[in-house]
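Contents: one structure, followed by commentary.
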Amino acid sequence: MSGRRLAATAAVLGVAAAVFVRVHSRPLDGAPPAAELGDLVTLYYPMLRYAAAEVAAGRLPLWNPYQSCGEPLLANPGLTLFYPLYLPLLVLPTDVALRLDLVLHLTIAGAGVAALAWYGGGGLAAGLIGGLIYGFAGGMLFKANYPGFLPGVAWLPWLLLAVLCLIDAPSRRRLVAAAASAALLACGNPQFVYFAVLLLLPLAGAAWWARRGGGLGAPLAALAAALALAVLLTLVRSLPGLEYMRDTWRAGALPLAAVSALAIAPADLLRHLVLADPRPNLISVARNEAYLGVVPLALALVGALGGAPRRLALPLAAGGLGAALYAMGAATPVLPLLARLPGGTAFRGPNRALIITDLAVAV
């Protein structure tokens with residue numbers, strides 16, 4: 001994987017992301033928010049602005065007195081103030097920093113897909129096209145208004161790549177890369193850690209199967225060490241988050257009806273794969289998360305049938321299809337089945353899993 005090629009691709013993706021953010025940027029204060037900006041304006045913007053001001057004043061923002069009648073801030077499990085990419089919040093106006101945050105994450109996400117595609121045998125054009133598809137798919141752009149979601153979706157392809165590299169040729173550098181990418185991914189909403197684990201199972205299984213004659217002891221030990229290091233790196237936010245969640249109404253398992261909230265009906269998912277609603281409202285904005293477009297879907301089909309490396313294409317295709325079925329909630333057996341497993345009833349919003357489908361189509 002050429003560093004020069006990756007830098008050039010990241011530059012193109014960064015320019016595309018900057019143009020997108022510039023064209024679609026809206027004021028974050030003053031005017032009533034549009035439907036898709038609700039949480040960004042009423043939750044993330046004031047929370048991050050207050051936290052940045054407290055840190056700049058030399059105070060650790062343990063408590064947020066201005067939202068929800070007061071609530072823990074540093075322990076908020078949906079967002080970590082220790083995330084390195086939040087440093088611009090300390091020196092820039094919050095609205096500018098949030099736009100820069102989006103540009104950076106769209107670039108990181110697209111470059112990760114490009115690197116993953118190259119590792120699987122794709123060329124320069126394939127990597128760039130895949131990065132553009134993932135960076136600007138409906139699932140990604142829906143999450144553009146949720147800063148707490150961005151680390152999970154931006155670092156996911158890098159985590160997949162790091163794990164594949166570690167299985168193929170274990171080394172200290174690759175071990176640290178896998179642990180670091182996992183820790184960065186975990187800086188966002190914990191639901192995307194859950195999705196990453198589900199996707200890594202078939203991908204790592206296919207990688208192990210491919211090297212079944214080369215011994216599995218060293219890769220397994222390296223993965224265990226990377227996992228342990230990632231857990232240590234995230235303790236600063238996971239321990240306070242777990243303590244916080246223990247005292248909330250979501251401490252136990254959610255009922256299946258709550259887990260299925262925001263699921264997409266099968267007919268809506270199929271329709272919105274190729275047709276986006278140009279004027280989204282509070283309901284259709286979530287359905288637009290399914291949007292990929294005719295050309296990316298056609299390219300993915302050609303790639304899958306045209307000799308794409310099976311150890312990457314097949315498990316990702318299975319993961320993408322499974323994510324689409326999961327997004328339909330109780331309309332398919334996937335979500336009810338996963339609800340019986342550990343962590344299966346910890347999260348609501350199965351529509352968010354469509355980012356896995358986007359990743360599969362992009363690669």
Side-chain angles (χ1 to χ4, degrees), residues 1-3 5-7 9-10 12-14 16-17 85 102-141 143-144 149-168 174 177-189 191-204 206-207 226 230 292 296 299-300 303-304 308-309 311-320 322-323 352-363:
M1 188 190 313
S2 167
R5 178 169 60 173
L6 182 60
T9 301
V12 173
L13 293 167
L85 267 64
L102 178 54
V103 171
L104 289 175
H105 282 95
L106 291 178
T107 304
I108 291 168
V113 164
L116 185 60
W118 295 333
Y119 192 75
L124 178 60
L128 179 57
I129 293 172
L132 288 169
I133 290 173
Y134 184 60
F136 297 94
M140 181 67 74
L141 297 185
K143 293 167 181 62
F149 291 178
L150 290 175
V153 297
W155 292 106
L156 177 59
W158 291 103
L159 174 61
L160 301 183
L161 175 62
V163 169
L164 287 177
C165 291
L166 190 60
I167 292 174
D168 287 345
R174 293 185 172 192
S181 57
L184 288 167
L185 182 150
C187 287
N189 191 297
Q191 186 171 20
F192 296 97
V193 177
Y194 174 69
F195 292 153
V197 170
L198 293 179
L199 184 57
L200 275 169
L201 291 176
L203 199 66
L292 275 162
L299 289 174
R311 75 161 195 162
L312 191 60
L314 291 181
L316 277 178
R352 297 167 187 165
L354 287 172
I355 195 66
I356 306 299
T357 307
D358 297 341
L359 177 63
V361 168
V363 175

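How far CG of Asn189 is from CZ of Arg352: 6.0 Å, rounded to the nearest 0.5 Å. Going from atom CE of Met140 over to atom CG of Leu102 covers 9.5 Å, rounded to the nearest 0.5 Å. Atom CD1 of residue Ile356 and atom CG of residue Leu198 lie 8.5 Å apart, to the nearest 0.5 angstrom. Taken to the nearest 0.5 Å, the CG atom of Leu156 stands 10.5 Å off from the CZ atom of Phe195.
Annotation: side chain of Ile355 is in contact with side chain of Phe192 (closest heavy-atom distance under 4.5 Å). Within the 4.5 Å cutoff, the side chain of Leu316 has heavy atoms near those of the Leu199 side chain. Looking only at side-chain heavy atoms (C-beta outward), Leu116 and Tyr134 stay at 4.5 Å or farther from each other. The side-chain heavy atoms of Leu150 and Leu104, taken from C-beta on, include no pair separated by under 4.5 Å. In this structure, the side chains of Leu203 and Leu312 come closer than 4.5 Å at one or more pairs of heavy atoms. At least one side-chain heavy atom of Phe136 sits less than 4.5 Å from a side-chain heavy atom of Leu106. Counting heavy atoms from C-beta outward, Val153 and Asp358 have side chains that stay 4.5 Å or more apart.
Between Thr107 and Gly14, the closest heavy-atom pair is OG1-CA, 3.1 Å. Nearest heavy-atom pair, Gly135 versus Leu141, reported as atom, atom and distance to 0.1 Å: O-CD2, 4.0 Å. Taking every heavy atom of both residues into account, Thr357 and Gly320 meet most closely at OG1-O, 2.9 Å. In this structure, Gly110 and Leu13 approach most closely via the heavy-atom pair C-CD1, 3.3 Å. Here the closest heavy-atom approach between residue Ala186 and residue Val193 is recorded as CA-CG2, 3.9 Å. Contact between Ala353 and Ala323 at its shortest, heavy atoms only, is O-CB, 3.3 Å.
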Please tabulate, for side-chain N and O atoms in residues 178-185, each donor-acceptor pair with protein atoms closer than 3.5 Å (sequence neighbours left out).
residue: Ser181; atom: OG; partner: Ala177; partner atom: O; Å: 3.0
residue: Ser181; atom: OG; partner: Ala178; partner atom: O; Å: 3.0

- request: For Leu160 and Val363, run side chain to side chain contact (heavy atoms under 4.5 Å, CB included): C-alpha distance rounded to whole Å, both residues' side-chain angles, the deciding distance at 0.1 Å, then the answer.
  value: CA-CA 12 Å; Leu160 301 183; Val363 175; over 6 Å; no
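Ring orientation note: the planes of Trp155 and Trp158 are tilted relative to one another, at an angle of 30° to 60°.
Exactly one residue among Leu359, Ile129, Leu128 makes a side-chain contact (heavy atoms from CB on, under 4.5 Å) with Val113. That residue is Leu359.
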